[in-house]
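Each ligand, and each atom within it, is numbered from 1 in the order the structure gives. Sequential numbering from 1 along the given sequence is applied to the chain's residues.
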Amino acid sequence: MRAALAKVDVARLGERIEELGAIGRTADGGVTRLGLSPEEDAAKTLVARWLQARGGRITRDPAANLIAGFGSGDRAIVIASHLDSVPNGGKYDGHLGVLCAVELIEAATAAGVALPRLDIIGWTDEEGARFGVGLFGSAAAYGRLPEGVVARRDRDGVSIADALRALGHDGDPAAARRRGTDRLYLELHIEQGPNLERAKRPLGVVRTIVGITHLRVTVEGAAGHAGTTPMEGRRDALVAAAEMVLALDDAARRRGGTVATVGEISAEPGAKNVIPGRVIFTVDVRSPDDDGRRAVVSVLEDAKRDAVQRRGVRVDFDTLADLPAVELDKGIRGALGEALREVGVEPLELVSGAGHDAQNPALAGVPTGMLFIRSTNGSHNPREHATAEDAALATKALILSIARLN
Ligand code: HGY
Ligand code: MN
Ligand code: MN
């Protein structure tokens with residue numbers, strides 16, 4: 001594998017960042033490529049074209065995951081990340097990990113290196129921005145799909161099953177299950193936080209991925225006239241929701257190490273002179289410490305009971321995700337650390353505040369590791385950035401890691 005190091009091409013990586021980033025581009029240079037959308041499908045088709053040209057055996061599994069098989073043998077080293085995005089996100093989140101895997105194949109082919117059995121995978125709908133449930137493609141592959149998930153609908157009433165059918169997949173996505181085929185799983189991903197930038201390091205090793213709770217909360221009150229309804233006796237769904245949101249925020253701040261976010265909220269009927277009768281909002285609670293995460297969620301449950309009591313509203317919690325924190329494989333972390341040293345980077349182990357597809361193979365018992373690539377300007381916004389140079393260095397570290405782990 002080491003002969004491939006000299007063939008890693010920064011310019012090609014830079015060009016492909018732009019070529020892939022052009023699919024779903026938004027007016028301000030971001031990317032909107034929602035799960036099971038035509039844009040996500042086009043991104044998979046482009047990646048498939050590059051990999052097929054290097055001898056990849058291309059398939060799409062029943063969850064629409066793109067899989068390119070290389071080398072021989074019945075158990076594969078999986079190198080994967082996702083090809084969808086959040087609305088108006090950056091063009092590096094998920095995509096850069098797939099591009100580094102493609103660059104590894106290009107460099108190995110150019111060097112005439114015999115590849116071990118590899119599956120390069122572009123996962124479907126990691127973000128969950130359209131249907132609410134994230135990590136969809138990797139959950140299908142590792143037998144962790146939530147019950148009834150295909151019935152979940154987007155804002156236009158299109159279900160996951162409808163969207164899969166529209167892409168030519170009319171079976172059960174659970175049939176994507178990879179049974180005992182994986183020797184180990186590696187994912188390269190931008191850090192999406194400030195740590196590598198502050199440490200002036202291009203690469204880092206992920207020690208732990210945070211646990212995540214995602215909820216959709218529906219608050220049912222009573223719509224009414226803003227002018228003629230006395231304050232006493234109102235059943236204002238938005239005021240009740242606001243009290244829950246503030247209780248959640250306060251609990252996370254007091255707990256420390258746990259973060260909580262309400263990213264979506266809608267009030268119905270949505271007129272300035274009508275008391276909101278229904279409010280729907282999302283909850284995202286994360287922590288490397290599962291007890292901390294659960295403690296913050298239980299404060300929200302207390303606030304829910306309080307709102308029902310004091311505001312006379314009905315409150316329902318719909319659980320979209322409840323993922324435990326995951327410590328990644330020690331042996332793989334060691335090999336990744338050695339590979340970083342070999343490319344001249346002093347290894348730094350980090351906690352990932354972002355969730356990743358890697359959680360699913362790890363929770364399914366597949367030895368799993370992740371490399372972070374320095375990113376700047378935060379993430380989940382058009383300003384998200386990483387350099388082709390850092391991506392090329394990550395690709396070299398990936399080559400050296402596979403040389404060690406194979
Ligand atoms: O939300 C996350 O952490 C990831 O970007 N899906
Ligand atoms: Mn993301
Ligand atoms: Mn991501």
### Query
Short N/O distance, under 3.5 Å, between Gly355 and ligand 1?
yes
### Task
Would you mind listing which atoms of ligand 1 come within a distance below 4.0 Å of any non-hydrogen atom of Glu127?
4 (C), 5 (O), 6 (N)
### Message
So if I count the atoms of ligand 1 from 1 in the order they appear, which ones are less than 4.0 Å from some heavy atom of Ala354?
### Response
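Those qualifying, in numeric order: 3 (O).
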### Task
May I have the angle between Asp93 OD2 and Glu127 OE2 with its vertex at the Mn ion (ligand 2), rounded to 10°?
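That angle works out to 90° after rounding to 10°.
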### Query
Does His82 put an N, O or S atom under 2.8 Å from the Mn ion (ligand 3)?
yes
#### Entry: Under 2.8 Å: N/O/S of Glu126 next to the Mn ion (ligand 2)
no
### Query
With side chains defined as the heavy atoms from C-beta onward, is the minimum distance between Val283 and Val285 less than 4.5 Å?
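Yes, side chains in contact.
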### Message
Is any side-chain heavy atom of Pro116 closer than 4.5 Å to one of Met1?
### Response
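A side-chain contact exists here, since the closest heavy-atom pair is under 4.5 Å.
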#### Entry: Contact partition for His380 relative to ligand 1, non-hydrogen atoms under 4.0 Å
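For His380, only side-chain atoms sit under 4.0 Å from ligand 1.
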Okay, side chain of [X], backbone of [Y]: is any donor-acceptor separation there less than 3.5 Å?
X	Y	value
Arg33	Ile23	yes
Ser352	Ala354	yes
Asp84	Glu126	yes

### Option set Arg286, His356, Gln192, Glu126, criterion heavy-atom distance to atom 2 (C) of ligand 1, minimum
Arg286
### Query
Yes or no on ring-ring contact (aromatic ring centres under 6.0 Å, His included) for His82 and His356, after CA distance, side-chain angles and deciding distance?
CA-CA 9 Å; His82 60 96; His356 294 288; 7.7 Å; no
